[in-house]
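I have placed the structure first, in the form of structure tokens, so that the comments after it can refer back to it.
Ligands are counted one by one from 1 in listed order, and the atoms in each one are counted from 1 as well. One-based numbering along the sequence shown. Since the model is a prediction, treat every value here as computed from it, not as a measurement.
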Amino acid sequence: MKILVINGPNLNMLGIREPQIYGTQTYADLVAFIKQVGAELSLEAGCFQSNHEGAIVDAIQEARGVYDGIIINPAAYTHTSIAILDALKGAGVPAIEVHLSDPQTREEFRHISYAGMACFKTFAGLGFEGYALALRAFTEMQQLLKHT
Ligand code: DQA
């Protein structure tokens with residue numbers, strides 16, 4: 001199984017940006033963590049990060065027929081981007097939303113998630129662990145589908 005993990009704007013600054021919210025580990029640490037969990041679950045996890053909305057839309061479109069699932073943390077675009085919502089809806093690839101922090105307990109403008117409307121699950125407020133749970137959810141989904 002192949003999963004594409006997409007991280008949005010400013011997540012390349014992990015470890016530097018607001019460590020009291022996002023922790024002290026870097027984006028490179030996050031990629032290493034995702035690859036390690038992916039290997040443990042015997043799945044291939046591709047990682048993509050961009051600060052640009054259009055590049056994220058392109059990555060979602062290009063996932064069709066290549067990846068079995070998308071894990072996406074659209075970062076600030078979560079709360080603004082109908083383009084990312086539409087791309088996820090049109091991709092034909094199941095998606096899970098992840099946030100390091102829990103936007104629901106933060107400022108009101110973070111309470112709406114457009115991308116989340118096209119995702120079948122959300123893990124928020126669990127730091128890196130949210131990505132591991134999302135990878136595991138895809139493995140469990142595959143097991144369930146095998147038995148139907
Ligand atoms: C975030 C939450 C967003 O509100 C914020 O804009 C981010 C990161 C998170 O992972 O907690 O950049 O998606």
Quiz item: Does any donor atom in the side chain of Tyr114 or Asp86 lie under 3.5 Å from an acceptor atom in the other side chain?
Solution: no
Quiz item: What is the minimum heavy-atom distance between Ala124 and Pro103, and which atoms define it?
Solution: CB-CD, 4.1 Å
Quiz item: Does Ala76, backbone or side chain, put an N or O under 3.5 Å from an N or O of ligand 1?
Solution: yes
Quiz item: Which residues satisfy the ring pair (Phe, Tyr, Trp, His ring centres under 6.0 Å) test with Phe33, sequence neighbours excluded?
Solution: Phe128
Quiz item: For the residue pair Leu4 and Tyr67, what are the closest heavy atoms and their distance?
Solution: N-CD2, 3.4 Å
Self-check item: Nearest-contact summary for atom 9 (C) of ligand 1 - protein heavy atom, Å
Solution: Leu100 N, 3.4 Å
Self-check item: ligand 1 versus Arg17: contacting region, heavy-atom distance under 4.0 Å
Solution: side chain
Self-check item: ligand 1 atoms in contact with Tyr22 (distance to a heavy atom under 4.0 Å)
Solution: 5 (C), 7 (C), 8 (C), 9 (C), 11 (O), 12 (O)
Practice problem: Give the residue, atom name and distance (to 0.1 Å) of the protein heavy atom nearest atom 1 (C) of ligand 1. | Solution: His99 ND1, 3.7 Å
Exercise. For atom 11 (O) of ligand 1, find the nearest protein heavy atom and state the residue, atom name and distance (0.1 Å precision).
Key: Ser101 OG, 2.6 Å
Exercise. Give the residue, atom name and distance (to 0.1 Å) of the protein heavy atom nearest atom 6 (O) of ligand 1.
Key: Arg110 NH1, 3.0 Å
Self-check item: For Glu40, side chain to side chain donor-acceptor pair (under 3.5 Å) partners two or more places apart
Solution: Gln36
Quiz item: Contact between Asn10 and ligand 1, counting heavy atoms under 4.0 Å?
Solution: no
Self-check item: For atom 3 (C) of ligand 1, the protein heavy atom that lies nearest, with its residue and separation
Solution: His79 NE2, 3.5 Å
Quiz item: Hey, is the main chain of Pro9 close enough, under 3.5 Å, to the side chain of His52 for a donor-acceptor pair?
Solution: no
Practice problem: Apply the side-chain contact (heavy atoms from CB on, under 4.5 Å) test between Ile56 and each candidate in Leu88, Ile72, Asn51; give the one that qualifies. | Solution: Ile72
